[in-house]
Amino acid sequence: MAPIAVSPESSSPPPAALTTTFDDTLRFYLNGTRVVLDQIDPEITLLEYLRGIGLTGTKLGCGEGGCGACTVVVSQYNPTTKQVYHASVNACLAPLLSVDGKHVITVEGIGNVKKPHPAQERVAKSHGSQCGFCTPGIVMSLYALLRNNQNPTEHDVEEAFDGNLCRCTGYRPILDAAQTFSTKAAACGNSKANGGSGCCMEGGEGGCGGAKNADADQPIKRFTPPGFIEYNPDTELIFPPSLKKQEFKPLAFGNKRKTWYRPTTLEQLLEIKSVFPNAKVIGGSTETQIEIKFKALQYPVSVFVGDIAELRQYSLNEDHLEIGGNITLTDLENVCKEAIKHYGEARGQVFEAMHKQIQYFAGRQIRNVGTPAGNLVTASPISDLNPVLMAADAVLVAKSLGNEIKIPMSNFFTGYRKTALPSDAVLASIRVPVTQEKNEFFRAYKQAKRKDDDIAIVTSALRVRLDDEGVVESSNLVYGGMAPFTVAAKKTNEFLVGKKFAELETLEGAMNALEQDFNLQFGVPGGMASYRKSLALSFFYRFYHEVMLAIGDPEKTDAEAAKELEREISTGKEDREAAATYMQETLGKSNPHVAALKQVTGEAQYTDDIPVQKNELYGCFVLSTKAHAKIKSVDHSAALELPGVVDYVDKNDMPSSRANHWGAPHFQEVFLAEDEVYTTGQPIGLVLATSANRAAEAARAVKVEYEELPAIYSIEEAIEQESFFDFFKEIKKGDSEEAFKNCDYTFTGVARMGGQEHFYLETQAAVAIPKPEDGEMEIWSSTQNPNEAQVYAAQVIGVQANKVVVRVKRMGGGFGGKESRSVQLSSILALAAQKTKRPVRYMLTREEDMIVSGQRHPFMGRWKVGVNRDGKIQALDLDVFNNGGWSWDLSAAVCERAMSHSDGCYLIPNIHVRGRICKTNTMSNTAFRGFGGPQGMFIAECYMSEVADRLGMPVEKFREINFYKDEELTHFNQPLTDWHVPLMYKQVQDEMEYAKRRDDVVAFNAEHKWRKRGLAIIPTKFGISFTALWFNQAGALVHIYHDGSILVAHGGTEMGQGLHTKMTMIAAQALQVPMEDVFISETATNTVANASATAASASSDLNGYAIFNACAQLNERLAPYREKLGPNATMKELAHAAYFDRVNLSAQGFYKTPEIGYTWGANTGKMFFYFTQGVTAAEVELDTLTGTWTCTRADIKMDVGRSINPAIDYGQIQGAFVQGLGLFTMEESLWLRNGPMAGNLFTRGPGAYKIPGFRDIPQVFNVSLLKDVEWKDLRTIQRSRGVGEPPLFMGSAVFFAIRDALVAARKQYGVEATVGVDEKGDGLLRLESPATPERIRLSCVDPIMERARVVPKEGEKSFFITI
């Protein structure tokens, strides 16, 4: 939470030089209630204000407008359209001043648990909320869509979420819920979105037509799916009538640190700029707030210009469109559409290009406030809009007091982030010329890591004008991302003029000239030299052939190159009958998440939502900025001088040196740095202040002097320098050396994959509350591991564990990242709270979280496989290396699990696997969903794919030949029971017609040069149990109260995975009561002691049986009363009767996993209780010209045993798959190699680190559960299998489908693996993970890519480091 709007210092009056009279009072509406503020802190955002007054439903996810968790709706009269518009807005970026005269609507304002809005209810009941932290923002994006468009199309629905991210759900259930409001859903009651059997349109055959055939003049009848609240737009919050009449007065307020002005006319703005030429002019604040928050830039005078109507107008003139500099990008989208209609297709080409670029410009929340003037003056070298304006020869009209100048776009950018705009001037308008009626051609292109809401890698706008003979009269090819600012391809433009466009020599000459224009060096800032150069060439190649198509010269046209890859609306299905044969009164039913309605309404409370206590302090870390260095000195005196700063905590406040060490069993890691730092982002100290912003400012004021030491980053560097932790494990079965001598072929290779940032939407957070007696401490923490948080908090404050209570209500996502790394934060806060005797709160910023908390371990596997001609693998020799980072953390267990999963699903009779942990100077890598399993299986599927290529055998057949059979022993000598992978492998192929699809893919690839499709089917087996034996235990406490209600406590924590929902169902079923009568309040160390971390996909098994055990005791005690009172007796009646007989109505349950216990070295014992299994097939289509791809279809089948709750399990499968898709294709962590930030993580927020978004999921996304089989050996609660982690590896099916497509693309140019020979440097494709668009493009061997390759000079290294 954050401070409310009141400023600690009094407002400063406007200077006498200004003639305007300024008001100092904000007036707006909030959820229908009028708000008047006259004492305002000029430095707080709308989000800080809302959370400060207790409206905590609006969340802080990233602070940079990249995740959408803070989305609210701001309703306002739009001076451009002259209508009321309900804008979804990022509250984390919006200055509080910007809402004057507007109506702010938060998630709390549209509904509550008792009376939810239809959007809230449908997301909840459709299983669209798991952890729930992103959910309020998603609900508000949907709400904004419905307020502006009562009859949205399917495309409108998908597009509405392009500024929102979710890490849990895989997006499919959210889209299903949202599509119930679409016109397609309205048209057909049979649509799956409406719970029907399926509309004939949904298969793509084009049947009933519905909305398509409806009379356009007739209102569309809205269809309400069964069981849902009807949506009636007439019942929505009205736009307050008084706001329609409210006069926008010029505003000014501030304090001695900062002053805000809000002029309402251009004249007032120009006057302010004449007095304050260095004043920061702010439209949407989409860039400025990031500069303030992340770069600590200060703007003492800021001017908000969003309410100047003159700057938001536009006019369609004869030869140009003039747009106000401050028109919003959303309005500009619509203006472009109007301009295309007004000028016609030929003359409106610029506006078509502009519209295309704006569509993929950030998310809707940013487009609702961002402006073209802001985009221009920011002067970003990768702006999407600036190349369009420059290529169009737009003219910028700048105004200052009494002066107007016109600046051609070609002269506007003068250097990196520098422009020709005079300091006292503002960009008033932009004049964009139209294209000629004939012979002029204009196109724009963009390539990013992710299609939606992503900054460009390279962007371009290309224009040529021809004469009637086809000779180029003028050319303006403009690129972003190829230089420090937007530039024209000067040599290419000069070359083209006077050339006959349709000659192939012109194409070739232009490509040569482009190479000279953009002759990038290998170590170019921003990296990706070869890829960026290839994009510059590819964009022109695409443009050339688009123009050739338009000219009508098919013989010289490469028509396929002209088309960009587009995706369809996403659909999908689940097998809703999977649990029909074993469904009980409660168990086996698809009940919604028990907290779903609280989450969609913003009522669910997370750690930072806990109300602020009296005297509470806020913490902020002082973090190391060097990767490896001795600390020469730390001076925090300047920080303590700042107002609001209370104290500073460091290693000297620890009760002993021993207390500062943590991380069993080695205790090598320190909470607060001592004499040396081993990574950037290592905590050195903690500043305590009266607000989070004050604490952050003070942390920046702490001066640390370093003596830098050599640093190691990557696995390869660590191997070369023999930098390892003292860890070596091996699994040995059979005699691999002898087998290699006797097999037909021996092949070798290297598998390499990067790490992955957890990107839980709620960052690490904790509140430590000291008690006045006995050194007691209460800690609220967002942790998966309350027990360890308790142990280490007790250690650092020098008390016994029984004096510390750690509580967890819920987490906004965890994924393993809050298993061990959360302990660091909560322990340091406990120390701070003890020292100051005041409560201390700290929620890490997204940037802090990413640089402090660790990631999934990057892995490398060096393999040698022996195989016979028949495809039977005989031997595997494998060295596994993981990058542990600077401390042990859980790296040993992660490496062990990778080793145990490196066989994949394949019987290898002779195997020798060795594991090492690389010690590097990066953050300490940690647990992440799958915990080494996906890395081990990835290595397995890499050697399977490459060996199949070497054998000239389809990899699908090669897999099948080597599958384990039932009861066969793994390489760690465990028999596989209830083994269903071969069955599912066949079922998936049959259900998706895999063989036919393979034929179609082959045919497609033969007919297409630049488009390639790929297909893959990947199996998984994931061992369920903690590999550390003692963690396989759980406790529970069940109370029955007089009124028949039941309170359950167990050791597991809720992070969105639905654990509390499943546990509630188990208790309800066991005690024969409705689910509503069972309640789980929280997880706490004083109700269930010594609980294991919620991890390893074992929490339902462990805690479920512990609860069942407690319920069994209670049932035994209640049995006489059931017999006496009859089978229809209620729990209330039973409890009353038992209570009066003095029967104990509380029971403690316990469970430990039987049979398991593996001995390393001896290779004996049972490592896992069972294996969760699955098979996934995926199909992709690549645009090899750019590296863009889309997953056209994925079919997942998982064996989860008898599901406790199929809806929860489907949610886990979809979410894990999409997270895996991100791991293997998109998410890439990069470190800076040189400069003052050398060794620092570059990808430290959603701006640079890309997780999958709504439109990255498969276009057809089908999930089913294995059914109609017998689980003979499965002895878990309900005979269910753990499902949290196993499906993640299924995302690799997309990676291997991409690889399949790339093999076809390379084969087209004669580049392929040599069959039967282990030949280095031949055409075998070795693709590293993640398969980013860059890696995809660089794997291609077409002539454009080959000429674009940039070779490093001697000693030259890339700009970024990958570890």
Side-chain angles (χ1 to χ4, degrees), residues 202-206 559-560 563 565-568 571-573 870-871 941 944-963 981-1019 1175-1185 1188-1197 1225 1258-1264 1290 1292-1313 1315 1323-1325 1327 1331 1336 1339-1342:
E202 286 175 320
E205 290 87 16
E560 189 191 319
K563 295 176 190 168
L565 194 60
E566 297 293 339
R567 62 175 277 128
E568 301 293 321
T571 60
K573 63 183 181 184
D870 62 0
E941 291 304 337
M944 293 300 289
S945 298
E946 292 185 23
V947 170
D949 287 354
R950 289 285 191 217
L951 292 172
M953 177 185 288
V955 67
E956 296 90 346
K957 183 182 175 187
F958 185 50
R959 289 191 182 102
E960 215 161 349
I961 289 168
N962 289 287
F963 272 151
V981 163
L983 171 65
M984 289 189 285
Y985 197 76
K986 182 179 185 306
Q987 286 183 357
V988 170
Q989 290 188 66
D990 291 346
E991 288 165 12
M992 77 171 298
E993 298 180 301
Y994 191 89
K996 179 182 179 299
R997 285 183 172 274
R998 171 58 72 190
D999 291 342
D1000 292 345
V1001 164
V1002 171
F1004 180 91
N1005 290 342
E1007 294 165 9
H1008 291 78
K1009 178 181 174 183
W1010 298 108
R1011 293 288 182 82
K1012 297 296 174 187
R1013 288 183 181 166
L1015 194 57
I1017 182 166
I1018 299 292
V1175 173
T1176 294
E1179 186 176 345
V1180 300
E1181 186 172 335
L1182 308 185
D1183 174 2
T1184 61
L1185 203 52
T1188 298
W1189 60 274
T1190 180
C1191 181
T1192 54
R1193 177 167 175 165
D1195 291 74
I1196 307 169
K1197 188 177 287 284
T1225 67
Q1259 292 177 41
V1260 178
F1261 193 2
N1262 299 326
V1263 188
S1264 61
M1290 299 284 73
S1292 74
V1294 178
F1295 174 94
F1296 288 103
I1298 288 171
R1299 185 187 185 278
D1300 184 56
L1302 282 171
V1303 168
R1306 291 158 63 89
K1307 188 175 181 180
Q1308 176 178 306
Y1309 294 96
V1311 178
E1312 54 186 320
V1315 175
L1324 179 73
L1325 175 59
L1327 185 63
I1336 291 169
S1339 297
C1340 296
V1341 292
D1342 55 87

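Index from 1, following the sequence. Excluded from the calculations below are hydrogen atoms, water molecules and symmetry mates; all remaining heavy atoms, backbone and side chain alike, are included.
Side-chain contact check for Gln1259 and Thr571: no donor-acceptor pair (N or O, by modelled atom type) lies under 3.5 Å. Counted by atom type alone, Tyr994 and Glu956 present one or more donor-acceptor pairs between their side chains at under 3.5 Å.
Residues Val955 and Phe1296 are not in side-chain contact: their nearest non-hydrogen atoms beyond the backbone lie 4.5 Å or more apart. Taking 4.5 Å as the limit, every side-chain heavy atom of Met992 sits out of range of all side-chain heavy atoms of Lys1197. Two residues are said to be in side-chain contact when any heavy atoms from C-beta on lie closer than 4.5 Å; Glu993 and Asp999 fail this criterion. For the pair Leu565/Thr1190, a side-chain contact is recorded, criterion being any heavy-atom separation below 4.5 Å from C-beta on.
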Could you give me the CA-CA distance, side-chain angles and deciding distance for Val1315 and Met953, then say whether side chain to side chain contact (heavy atoms under 4.5 Å, CB included) is met?
CA-CA 9 Å; Val1315 175; Met953 177 185 288; over 6 Å; no
Side chain to side chain contact (heavy atoms under 4.5 Å, CB included) assessment of Trp1010 paired with Asp1342:
CA-CA 9 Å; Trp1010 298 108; Asp1342 55 87; 3.7 Å; yes
Dump the intermediate steps for side chain to side chain contact (heavy atoms under 4.5 Å, CB included) on Leu1182 and Ile1298, then the final yes or no.
CA-CA 7 Å; Leu1182 308 185; Ile1298 288 171; 4.1 Å; yes
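A salt bridge (charged side-chain N to carboxylate O under 4.0 Å, His left out) with Glu1181 is found for exactly one of Lys1012, Arg1193, Lys563, Arg1013, namely Arg1013. Considering Val1175, Ile1017, Asp1195 as possible partners of Gln989, the one that fulfils the side-chain contact (heavy atoms from CB on, under 4.5 Å) test is Ile1017.
Pairing each heavy atom of Leu1302 with each of Cys1340, the nearest pair is CD2-SG, 3.8 Å. Here the shortest heavy-atom pairing between Leu1325 and Arg1299 reads O-NH2, 2.9 Å. Between Val1180 and Ala1301, the shortest heavy-atom distance links the atoms CG2-CB, 4.5 Å. Contact record, Gly871 with Leu951: CA-CD1, 4.3 Å, taken as the closest heavy-atom pair. Contact between Glu1179 and Val1001 at its shortest, heavy atoms only, is OE2-CG2, 3.8 Å. Residues Gly1323 and Val1311 approach most closely at CA-CG1, 3.6 Å, considering heavy atoms.
Checked for salt-bridge contact, Asp949 and Lys1307 miss the test: no charged N lies under 4.0 Å from a carboxylate O. Ion pairing of Arg959 with Glu941 is present here, as a side-chain N (NZ or NE/NH1/NH2) and a carboxylate O approach within less than 4.0 Å.
The environment of Glu560 atom CD is dense: over 12 non-hydrogen atoms of other residues, nucleotides or ligands sit within 6.0 angstrom.
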